[in-house]
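As the structure lists them, so they are numbered: ligands from 1, and atoms in each ligand from 1.
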Amino acid sequence: MIDHTHDPRAQSWVEGAAGHADFPVQNLPLGVFSRGDGARRIATAIGDHVLDLAGLAEDGALPQGLSAALAQPTLNALFRLPEADRIALRHALFALLSSERCRLKVTPHLHASDAVTLHLSFAIGDYTDFYVGIHHATAIGKLFRPDNPLLPNYKHVPIGYHGRASSVRVSGTPVTRPWGQLKAPDAAAPEHAPCRRLDHELELGLWIAGDNDLGQPVPIADAWSRIGGLCLLNDWSARDIQAWEYQPLGPFLAKNFATTVSPWVITAQALAPFRLAPPQRPDGDPAPMPYLRESGDGALAITLETTLRTAAMREAGLPPHRLSHGNAREAMYWTAAQIVAHHASNGCDLHAGDLLGTGTLSGPTPESAGSLMELSQGGKAPITLPGGETRTFLADGDELALHARAEREGFASIGFGPCLGRIAPARPEWA
Ligand SMILES: O=C(O)/C=C/C(=O)CC(=O)CC(=O)O
Ligand SMILES: [Ca+2]
Ligand SMILES: [Mg+2]
């Protein structure tokens with residue numbers, strides 16, 4: 001059901017918010033900010049401002065039952081509450097920000113976005129990364145396993161691996177080039193050295209809401225109610241370390257040195273109008289098993305983009321260069337709800353603030369590839385950048401940014417805000 005918070009004609013009185021590219025009043029994402037040495041506080045974004053929800057709640061301007069959760073330094077407590085509470089919060093914020101009469105009450109709690117620091121929005125209990133991008137799985141499979149690109153289980157079971165929550169950081173945190181055991185494709189023996197094939201992976205992150213007890217699966221019909229919201233996620237990947245270490249147990253140190261997420265949680269409520277029918281599965285593909293069978297609207301009308309700006313480009317005043325563009329609907333073989341239902345189908349308990357990555361979201365065309373490994377064809381086809389530099393993988397000083405936008409005819413489009421990381425040089429040798 002579409003409610004009035006999605007009315008494309010609605011506008012906020014906050015200066016610069018009407019028609020804002022990312023944060024018009026139809027978005028109302030949730031996040032955590034601080035000012036100076038101040039404490040972390042929960043906020044929403046409106047135009048080029050953040051609105052302090054803890055402050056508004058202290059003034060009694062938000063539903064009373066939310067005050068304790070809104071006084072926390074993370075979103076965990078808020079996303080442990082029933083979905084109805086976050087719907088009530090969205091409606092209250094929409095009313096406060098779209099009605100001119102509320103200007104006096106709200107204004108003291110608005111802060112310019114460029115005067116605040118944004119933080120990781122949750123204390124992340126667990127992080128799991130899936131592999132739902134079938135075009136990515138096929139392309140990267142060819143590079144890692146030329147004889148055996150898409151493994152026979154892929155179209156039956158959503159493949160995933162357990163990631164590492166401790167090294168997830170918010171957008172803007174530098175990413176230090178990792179050391180590792182690695183083996184160049186043509187080398188006879190492995191060595192211990194800084195990664196030479198540092199890559200990004202363009203993914204969506206799902207923030208889990210609510211809790212299920214150990215032993216209690218999540219039926220597919222309930223899976224969307226367990227998705228609190230989405231963010232962008234960059235699963236930085238050391239391809240030379242990965243190629244050497246990943247068999248037989250899967251990614252380990254090639255992936256867990258850093259994962260970057262965008263700070264704002266684009267809520268499930270904000271995304272409701274952007275849920276669409278998934279693309280038809282090709283003829284001959286197996287139907288999903290009953291526990292994964294979803295009614296009609298599991299795909300997401302979200303466009304995706306990756307940009308790169310090197311140190312030399314910054315120095316020369318050149319803008320970021322678009323590396324890829326595509327969309328989530330075309331990229332995802334399994335939906336957000338299917339990976340939640342699958343994850344809990346053995347009784348695994350998922351908790352508010354857990355993070356699930358979709359897997360790399362590459363489209364079917366070369367320009368929509370979600371990693372440099374694909375864009376440079378395994379390092380064989382260097383990419384030429386404005387200014388004349390070339391890249392196969394990331395160099396020190398490179399700044400890689402992911403962007404996403406939910407877009408659909410008849411609705412105000414809403415942005416995610418960037419998910420960005422700059423590569424810092426490897427540490428000096430320590431051993
Ligand atoms: O095909 C492989 O062996 C490995 C692929 C990955 O890099 C794993 C991964 O992180 C999943 C993904 O992002 O799609
Ligand atoms: Ca990944
Ligand atoms: Mg990672």
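Excluding water, every protein N/O/S atom under 3.0 Å from the Ca ion (ligand 2) is given here by residue and atom: Asp129 OD2, Glu201 OE1, Glu203 OE2, Asp235 OD2.
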Identify all side-chain donor-acceptor contacts of residues 407-419 below 3.5 Å with residues at least two apart in sequence or on another chain.
{"residue": "Glu407", "atom": "OE1", "partner": "Thr303", "partner atom": "OG1", "Å": "2.9"}
{"residue": "Arg408", "atom": "NH1", "partner": "Pro273", "partner atom": "O", "Å": "2.6"}
{"residue": "Ser413", "atom": "OG", "partner": "Arg405", "partner atom": "NH1", "Å": "3.2"}

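A donor-acceptor pair shorter than 3.5 Å can be found between the side chains of Tyr291 and His342. A donor-acceptor contact under 3.5 angstrom links the side chains of Ser34 and His119, judged on distance only. His200 and Ser237 are not linked by any side-chain donor-acceptor pair at a separation below 3.5 angstrom, with hydrogens and angles left out of the test.
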For ligand 1, which of its N or O atoms have a protein N or O partner closer than 3.5 Å, and how long is each gap?
{"residue": "ligand 1", "atom": "1 (O)", "partner": "Tyr131", "partner atom": "OH", "Å": "2.4"}
{"residue": "ligand 1", "atom": "1 (O)", "partner": "Arg145", "partner atom": "NH2", "Å": "3.0"}
{"residue": "ligand 1", "atom": "3 (O)", "partner": "Arg145", "partner atom": "NH1", "Å": "2.9"}
{"residue": "ligand 1", "atom": "7 (O)", "partner": "Glu201", "partner atom": "OE2", "Å": "3.2"}
{"residue": "ligand 1", "atom": "7 (O)", "partner": "Arg239", "partner atom": "NH1", "Å": "3.3"}
{"residue": "ligand 1", "atom": "7 (O)", "partner": "Gln242", "partner atom": "NE2", "Å": "2.9"}
{"residue": "ligand 1", "atom": "7 (O)", "partner": "Lys255", "partner atom": "NZ", "Å": "2.9"}
{"residue": "ligand 1", "atom": "10 (O)", "partner": "Asp129", "partner atom": "OD2", "Å": "3.2"}
{"residue": "ligand 1", "atom": "10 (O)", "partner": "Glu201", "partner atom": "OE1", "Å": "3.2"}
{"residue": "ligand 1", "atom": "10 (O)", "partner": "Asp235", "partner atom": "OD2", "Å": "3.3"}
{"residue": "ligand 1", "atom": "10 (O)", "partner": "Lys255", "partner atom": "NZ", "Å": "2.7"}
{"residue": "ligand 1", "atom": "13 (O)", "partner": "Glu201", "partner atom": "OE1", "Å": "3.0"}
{"residue": "ligand 1", "atom": "13 (O)", "partner": "Glu203", "partner atom": "OE2", "Å": "3.1"}
{"residue": "ligand 1", "atom": "13 (O)", "partner": "Thr360", "partner atom": "N", "Å": "3.0"}
{"residue": "ligand 1", "atom": "13 (O)", "partner": "Thr360", "partner atom": "OG1", "Å": "2.7"}
{"residue": "ligand 1", "atom": "14 (O)", "partner": "Thr360", "partner atom": "N", "Å": "3.0"}

key: Test log, rule ring pair (Phe, Tyr, Trp, His ring centres under 6.0 Å), inputs His162 and His343   = CA-CA 11 Å; His162 282 115; His343 203 315; 5.7 Å; yes

ask   = Where do Asn212 and Arg226 land on the side chain to side chain contact (heavy atoms under 4.5 Å, CB included) test, with the steps shown first?
value = CA-CA 9 Å; Asn212 58 295; Arg226 297 297 308 279; 3.0 Å; yes

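For Tyr246 and Phe144, the distance between ring centers is under 6.0 angstrom.
Trp236 does not carry Arg177 over the face of its six-membered ring by the limits of under 6.0 Å from the centre and within 45° of the normal.
A side-chain hydrogen bond (donor to acceptor under 3.5 Å, both in side chains) check over residues 213-222, counting only residues at least two apart or in different chains, returns nothing.
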